[in-house]
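Here's the structure we're looking at; comments come further down.
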Amino acid sequence: MTTLSQLSKDLIGVLLLMLFGYCFFFVDINTNDLAIPVSLLNVNSIFLSIVLEAIPFILLGVFASALIQVFVSEEFIQRLIPKNPYIALLPAVLVSALLPVCECAIIPVIRQLLKKGMPLHIGIVILVGAPILNPVVFAATFYAFQSNTSIVYSRMGLAAVACLLIGLSVYVFFKNSNQLRHVHVHEHVHEKVNVGNKLKQTLYHASDEFFDMGKYLLFGALVASLFQTFLDRQLLTNLASNDYMSSAVMMGFAYVLSLCSEADAFVASSFSHTFSPTALLAFLLYGPMMDFKNTIMLLSFFKKRFACSLILIITGIVYLIVMTYGIVSR
């Protein structure tokens with residue numbers, strides 16, 4: 001069972017990080033004694049927006065993870081997955097399209113599924129696919145690009161292809177090896193196993209997951225907010241004339257911004273008069289699959305070598321796909 005001292009330590013750590021964001025709201029910036037630079041206020045605003053945007057999805061993810069932990073058996077997972085590792089990639093993409101979760105919520109779900117016996121490459125397909133292919137993101141992208149719906153359908157089609165290639169690459173290089181780091185998990189033991197106790201266990205596991213995920217989210221959000229504040233965006237527009245460079249720049253921009261996948265299409269549409277459709281697609285594909293806050297979480301829950309390799313695989317495949325699309329669509 002979660003000890004009171006451990007829970008207190010986690011809670012204090014989260015509250016201290018949250019204090020960074022909230023403290024500026026309790027001072028009067030018009031006084032001469034406390035003149036806070038506008039840049040720091042901007043960091044604070046961006047930090048809070050990222051955290052408040054992500055927390056509902058984190059909660060969704062940790063409760064889904066806890067339900068899997070308590071109610072889903074390893075045998076059930078094994079029965080659902082096709083025996084052929086290549087054929088299994090296709091239903092994984094379909095499952096990705098049915099999960100209405102963003103990149104923040106999907107990590108605890110996938111970690112729990114991998115612990116239950118899901119093959120590594122199948123879990124990675126869902127990890128990178130669900131934040132893009134789900135119906136909520138499709139609707140948001142369609143609304144943001146009503147005047148250019150080819151971006152919408154290209155995003156979904158290219159994302160599906162990228163997921164298959166990423167999953168295939170993970171299978172080739174890592175097979176079904178265990179790449180999860182050992183993370184201390186509090187065990188919740190009960191004498192009687194009934195629905196009431198299982199619901200209690202679900203709450204306990206969800207709280208453990210929330211504190212584990214929350215501290216990494218907050219740190220990632222803090223660094224992302226610093227990047228967003230001090231990054232010179234004029235530099236981006238100066239590189240917009242070259243398709244090869246602009247796509248790489250927009251991927252880097254998506255990584256730094258760490259936007260939720262339900263909102264990134266609206267940011268991308270604001271660059272539609274500056275960047276080519278290829279560069280916009282690079283932004284829309286890469287951000288939900290890999291950003292700064294996700295990197296922190298991946299390094300925390302997966303082995304470092306695997307996490308770094310996965311980042312390189314995702315980056316290379318996304319860049320090659322959007323470049324190929326750019327050449328073919330000319």
Side-chain angles (χ1 to χ4, degrees), residues 93 96-97 99 101-103 106 124-169 224 228 231 233 235-295 310-330:
V93 173
S96 301
L99 292 176
V101 294
C102 72
E103 63 274 17
I106 196 64
I124 295 303
V125 169
I126 301 174
L127 176 72
V128 297
I132 301 181
L133 297 173
N134 75 74
V136 177
V137 173
F138 175 82
T141 309
F142 189 88
Y143 185 81
F145 288 94
Q146 294 180 68
S147 60
N148 188 5
T149 54
S150 64
I151 294 280
V152 182
Y153 300 114
S154 297
R155 182 187 197 186
M156 297 299 150
L158 294 178
V161 174
C163 290
L164 290 172
L165 292 177
I166 291 167
L168 182 62
S169 300
Q228 287 193 48
L231 178 69
R233 299 193 182 189
L235 182 63
L236 296 177
T237 58
N238 293 338
L239 296 170
S241 59
N242 186 308
D243 244 6
Y244 296 98
M245 181 62 71
S246 63
S247 295
V249 168
M250 286 300 278
M251 287 172 65
F253 193 42
Y255 183 87
V256 167
L257 284 182
S258 297
L259 296 171
C260 184
S261 58
E262 278 85 0
D264 60 357
F266 299 98
V267 175
S269 65
S270 68
F271 287 97
S272 58
H273 297 296
T274 306
F275 286 88
S276 67
T278 302
L280 295 179
L281 284 169
F283 179 91
L284 291 170
L285 286 180
Y286 191 66
M289 292 186 180
M290 186 58 57
D291 59 26
F292 187 85
K293 65 180 186 298
N294 274 15
T295 300
L310 181 61
I311 293 170
L312 291 175
I313 289 171
I314 293 172
T315 303
I317 287 176
V318 169
Y319 185 76
L320 288 174
I321 283 178
V322 295
M323 286 296 96
T324 303
Y325 171 85
I327 294 172
V328 171
S329 62
R330 285 176 186 170

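- Residues Phe283 and Pro288 come closest through the heavy atom pair O-CD, 4.3 Å.
- Between Phe292 and Val256, the closest side-chain pair of non-hydrogen atoms is not below 4.5 Å.
- Of all non-hydrogen atoms in Met289 and Ala162, the two that sit nearest each other are CE-CB, 3.8 Å.
- Annotation: the span from Ile314 atom CD1 to Leu165 atom CG amounts to 12.0 Å, rounded to 0.5 Å.
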Test side chain to side chain contact (heavy atoms under 4.5 Å, CB included) on Ile151 and Leu281; report intermediate values, then the result. CA-CA 7 Å; Ile151 294 280; Leu281 284 169; 4.2 Å; yes
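- Taking each heavy atom of Gly326 and Thr278 in turn, the nearest pair found is CA-OG1, 3.4 Å.
- Under the 4.5 Å side-chain criterion, counting only non-hydrogen atoms from C-beta, Leu257 is not in contact with Asp291.
- Closest approach of Ala97 and Pro135 over heavy atoms only: O-CD, 3.1 Å.
- Closest of all the heavy-atom pairs between Val125 and Gly167 is CG2-CA, 3.5 Å.
- Interatomic distance, Asn294 CG to Leu310 CG, rounded to the nearest 0.5 Å: 10.5 Å.
- For Ala279, the side-chain contact (heavy atoms from CB on, under 4.5 Å) partners at least two apart in sequence or on another chain are Ser246, Ser247, Met250, Phe275, Ser276.
- Taking the side chain to side chain donor-acceptor pair (under 3.5 Å) definition, one finds that Thr315 meets it with Tyr286, sequence neighbours left out.
- Minimum interatomic distance between Ile313 and Ser169 (heavy atoms only, all atoms of both residues): CG2-CB, 3.9 Å.
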Show which side-chain atoms of residues 317-324 pair as donor or acceptor with protein atoms under 3.5 Å away, not counting sequence neighbours.
{"from": "Tyr319", "atom 1": "OH", "to": "Tyr244", "atom 2": "O", "distance (Å)": "3.0"}
{"from": "Thr324", "atom 1": "OG1", "to": "Leu320", "atom 2": "O", "distance (Å)": "2.7"}

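- For the atom pair Leu285 CG and Ile132 CD1, the distance stands at 5.0 Å (nearest 0.5 Å).
- Judged as a side-chain contact (heavy atoms from CB on, under 4.5 Å), and not counting sequence neighbours, the contacts of Ala144 are Ala265, Phe266, Ser269.
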Check residues 152-160 and write down every donor-acceptor pair under 3.5 Å in which the side-chain atom is one partner and the other belongs to a residue at least two apart or another chain.
{"from": "Ser154", "atom 1": "OG", "to": "Ser150", "atom 2": "O", "distance (Å)": "2.6"}
{"from": "Ser154", "atom 1": "OG", "to": "Tyr325", "atom 2": "OH", "distance (Å)": "3.1"}
{"from": "Arg155", "atom 1": "NE", "to": "Leu284", "atom 2": "O", "distance (Å)": "3.2"}
{"from": "Arg155", "atom 1": "NH1", "to": "Thr141", "atom 2": "OG1", "distance (Å)": "2.7"}
{"from": "Arg155", "atom 1": "NH2", "to": "Asp264", "atom 2": "OD1", "distance (Å)": "3.3"}
{"from": "Arg155", "atom 1": "NH2", "to": "Asp264", "atom 2": "OD2", "distance (Å)": "2.8"}
{"from": "Arg155", "atom 1": "NH2", "to": "Leu284", "atom 2": "O", "distance (Å)": "2.9"}

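- Partners of Thr295 by side-chain contact (heavy atoms from CB on, under 4.5 Å), not counting sequence neighbours, listed by chain and number: Tyr255, Met290, Leu299, Ile311.
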